[in-house]
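Worksheet: the structure to be examined is printed underneath.
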Amino acid sequence: MNVLFVASECAPFVKTGGLADVIGAVPKALEPLGADVRILLPAYPALKQHLEGGTTLRDFDDLFGGRARLISVEAEGLSLLLLDAPHLYDRPGSIYLNEDGQDWDDNHLRFGALSRVAADIACGGLTHEAGTWRADFVHAHDWQAGLVPLLIRMADPNDPPRCVMTIHNIAFQGNFHWSVKDILGVPDHFFTHEGAEYWGQFGFLKAGLAFADKITTVSPTYARELMTPDFGMGMEGLLQARRGDLSGLLNGIDTDIWNPATDPHLAINYTSRSLKRRAKNRAAIEERFHLEARTDAPLFCVISRLTRQKGLDLLLEVLPHLVESGAQLALLGSGDKDLEQGFREAADRYPGTVGTLIGYDEALSHLLQGGSDAILVPSRFEPCGLTQLYGLRYGTLPVVARTGGLADTVVNATPQSIKRRKATGIQFEPVTADALARAISRACALFADGDVWRSMMLNAMRYSVGWEQTAPAYLALYESMTDS
Ligand code: ADP
């Protein structure tokens with residue numbers, strides 16, 4: 001079975017969030033099940049080095065204003081199709097934002113081009129020395145690939161290749177001025193309420209949700225939430241109408257990359273049989289975050305985009321409570337300027353107790369998982385969330401809002417779940433400062449009972465967080481489209 005993935009990021013090459021981790025992990029999980037996945041990605045500067053050894057499969061004289069090439073290359077165990085279009089992708093800084101922190105003003109062209117080339121491959125196949133590779137299925141991820149199902153229908157109206165659209169976060173929709181449809185060459189009859197139109201705008205994700213054969217999102221709870229006005233962000237009506245085609249397939253993690261026994265970013269490796277070793281990782285965190293060495297109260301960590309979605313304004317509100325509880329906090333993140341400022345000030349106000357590092361640091365994110373006691377994820381909504389899964393794998397117990405994938409992956413500590421050796425963390429609701437403060441108190445109380453905390457760590461590290469269940473579910477979903 002051949003599958004074409006279309007996405008705007010992929011770990012370990014280029015990453016701004018969980019999407020990249022998933023795109024880098026799913027193909028590896030599908031391969032042993034017999035799927036040959038090729039990932040179409042823009043050749044951003046971070047991928048340029050891989051162009052050298054690749055094979056040029058196709059040339060484009062004019063792809064929205066410049067020449068472009070499609071290069072096939074193997075890297076890090078993945079089969080990549082890199083769209084080398086320097087006029088669109090060869091830019092410094094963020095892959096989505098310009099130096100002022102605004103969306104690049106030609107994002108519709110940048111990701112319209114990606115979708116157009118995807119449709120080209122999907123409908124025409126790829127010919128190289130070894131023969132022709134044809135995609136049996138196309139899997140478009142998030143709004144940047146949202147036009148793929150529509151363009152495929154344009155290219156082959158009679159028997160278009162079957163297409164899955166996955167929503168990794170519905171907050172990002174790719175809505176543009178309606179005139180974009182003409183620039184992208186989309187005929188008017190696709191620009192309807194049932195099609196690509198979103199409140200008068202041209203919507204990339206809207207188009208994907210309207211024209212894909214199947215829609216998935218990244219957890220069962222988020223799939224249900226998306227059909228409600230509180231979470232659907234204007235797409236709930238469409239998703240309700242398509243509920244028969246919508247499923248929530250829980251994300252997993254790459255358990256080779258995220259393995260405390262072998263992780264090269266830790267000060268010391270450990271397993272569930274050598275948990276005492278974690279103290280060395282904790283000491284390394286204390287050094288990096290200028291925290292006092294303490295063992296009598298938990299060290300919480302946060303590894304996150306700093307945005308309202310992630311509920312970190314609530315954490316700022318309850319910091320005095322966290323500090324009074326004797327706990328410590330190490331926060332790694334970047335995003336909204338007011339939150340960055342708030343956490344910087346908190347570190348100044350509580351030296352030795354609160355440590356803040358503003359920025360993006362993959363290696364440090366591993367260390368935080370390897371030495372903290374608990375990870376805080378107080379999101380207002382969370383499609384799946386990956387940091388709590390890494391936390392489980394590393395024995396860093398998640399303290400999470402009961403929403404989306406957080407609700408699906410953390411087993412809340414109750415007297416029963418503790419007794420049955422199932423408890424892996426703490427859930428709270430509603431997502432308010434008061435409820436978060438109570439969750440922090442509960443964590444501190446459980447931590448104080450060393451035996452209970454240790455047994456929860458062991459439960460967490462045993463919990464299945466890989467792709468064992470979801471990879472076959474994707475395969476079954478692809479196969480189900482053959483008959484439809
Ligand atoms: P989202 O995709 O909404 O940002 P997820 O929890 O699904 O949230 O995925 C976030 C990913 O990005 C995780 O792999 C997390 O470790 C990583 N991450 C987030 N912020 C940082 C940061 N400042 N430094 C390093 N890694 C980060």
Side-chain angles (χ1 to χ4, degrees), residues 1-3 5 7 10-12 18-37 39 76-79 136-137 139 141 164 166-168 214-224 246-263 269-273 366 369-370 375 377 382-398 400 404-412 417 420-425 456-481:
M1 175 190 294
N2 294 341
V3 187
F5 268 38
C10 175
L19 168 67
D21 289 339
V22 173
I23 301 301
V26 178
K28 288 187 201 156
L30 288 175
E31 192 190 283
L33 306 179
D36 174 1
V37 181
I39 310 168
E76 305 281 347
L78 298 168
S79 300
D136 299 305
F137 304 102
H139 195 151
H141 297 270
V164 178
T166 293
I167 305 165
H168 293 263
K214 296 283 180 193
I215 301 167
T216 71
T217 188
V218 289
S219 70
T221 296
Y222 194 55
R224 286 191 298 276
L246 170 67
S247 48
L249 305 182
L250 194 63
N251 275 344
I253 63 171
D254 187 323
T255 49
D256 292 331
I257 293 175
W258 293 90
N259 181 356
T262 56
D263 191 329
N269 292 117
Y270 63 93
T271 67
S272 54
R273 285 189 299 281
H366 286 245
Q369 297 281 13
I375 179 157
V377 195
E382 193 59 75
C384 178
L386 294 180
T387 58
Q388 87 280 10
L389 298 180
Y390 301 137
L392 293 170
R393 176 103 169 120
Y394 282 61
T396 300
L397 300 188
V400 303
L406 301 173
D408 294 335
T409 53
V410 176
V411 180
N412 190 32
S417 65
R420 286 198 211 111
R421 298 189 180 281
K422 296 282 182 211
T424 61
M456 284 177 64
M457 288 173 79
L458 296 176
N459 301 341
M461 293 175 83
R462 263 200 317 270
Y463 191 82
S464 160
V465 287
W467 289 96
E468 301 80 13
Q469 291 178 16
T470 301
Y474 273 127
L475 220 62
L477 182 77
Y478 299 144
E479 277 161 0
S480 75
M481 295 191 294

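Residue numbers start at 1 and run along the sequence shown. Quantities reported herein were computed from a predicted structural model and do not represent experimental measurements.
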Between the main-chain N or O of [Y] and the side-chain N or O of [X], is there a donor-acceptor pair closer than 3.5 Å?
{"X": "S417", "Y": "N412", "answer": "yes"}
{"X": "Q369", "Y": "T387", "answer": "yes"}
{"X": "N2", "Y": "D136", "answer": "no"}
{"X": "Y270", "Y": "Y394", "answer": "yes"}
{"X": "D263", "Y": "N269", "answer": "no"}

Atom pair [atom1]/[atom2] of [X] and [Y] - distance to nearest 0.5 Å:
{"X": "I23", "Y": "I39", "atom1": "CD1", "atom2": "CD1", "answer": "7.0 Å"}
{"X": "T255", "Y": "L389", "atom1": "OG1", "atom2": "CG", "answer": "11.5 Å"}
{"X": "S219", "Y": "L249", "atom1": "OG", "atom2": "CG", "answer": "10.0 Å"}
{"X": "L246", "Y": "I167", "atom1": "CG", "atom2": "CD1", "answer": "6.5 Å"}
{"X": "L386", "Y": "I253", "atom1": "CG", "atom2": "CD1", "answer": "8.0 Å"}

For [X] versus [Y], what's the shortest heavy-atom pair and its separation?
{"X": "V410", "Y": "G425", "result": "CG1-CA, 3.8 Å"}
{"X": "G404", "Y": "T221", "result": "O-CB, 3.4 Å"}
{"X": "T424", "Y": "P398", "result": "O-CD, 3.2 Å"}
{"X": "D21", "Y": "Y390", "result": "OD2-OH, 2.8 Å"}
{"X": "E76", "Y": "P12", "result": "CG-CG, 3.8 Å"}
{"X": "A29", "Y": "P32", "result": "O-CD, 3.4 Å"}

If you define the side chain from C-beta out and look only at heavy atoms, does anything of [X] sit under 4.5 Å from [Y]?
{"X": "P27", "Y": "E31", "answer": "no"}
{"X": "L30", "Y": "L475", "answer": "yes"}
{"X": "R421", "Y": "R462", "answer": "yes"}
{"X": "V37", "Y": "V26", "answer": "no"}
{"X": "P260", "Y": "R393", "answer": "yes"}
{"X": "V411", "Y": "N459", "answer": "no"}
{"X": "L33", "Y": "M1", "answer": "no"}
{"X": "F137", "Y": "V164", "answer": "no"}

T216 and S247: side-chain donor and acceptor closer than 3.5 Å?
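No, because no side-chain N or O of T216 sits under 3.5 Å from a partner of the opposite role on S247.
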Any side-chain donor near an acceptor of the partner, S464 and Q469, under 3.5 Å:
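Checked: S464/Q469 side chains show no N/O donor-acceptor pair below 3.5 Å.
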Aromatic plane relationship, W258 with H366 - under 30° parallel, 30 to 60° tilted, over 60° perpendicular
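The arrangement is parallel - the two ring planes meet at less than 30°.
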What class does the angle between the rings of H139 and Y478 fall in, given that below 30° is parallel, 30 to 60° is tilted and above 60° is perpendicular?
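Rings of H139 and Y478: perpendicular, as their planes differ by over 60°.
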Tell me, please, which residues at least two apart from D256 pass side chain to side chain contact (heavy atoms under 4.5 Å, CB included).
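Expected list: D254.
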Side chain to side chain contact (heavy atoms under 4.5 Å, CB included) between M461 and T271, intermediate numbers included
CA-CA 9 Å; M461 293 175 83; T271 67; 5.7 Å; no
Check against side chain to side chain contact (heavy atoms under 4.5 Å, CB included), T166 and V218
CA-CA 8 Å; T166 293; V218 289; 4.3 Å; yes
If you apply the rule side chain to side chain contact (heavy atoms under 4.5 Å, CB included), what do you find for W467 with V22, and how did you get there?
CA-CA 10 Å; W467 289 96; V22 173; 3.9 Å; yes
For K422, is the NZ atom crowded, meaning more than 12 foreign heavy atoms sit under 6.0 Å from it?
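No, because the 6.0 Å sphere around NZ of K422 holds 12 heavy atoms or fewer from other groups.
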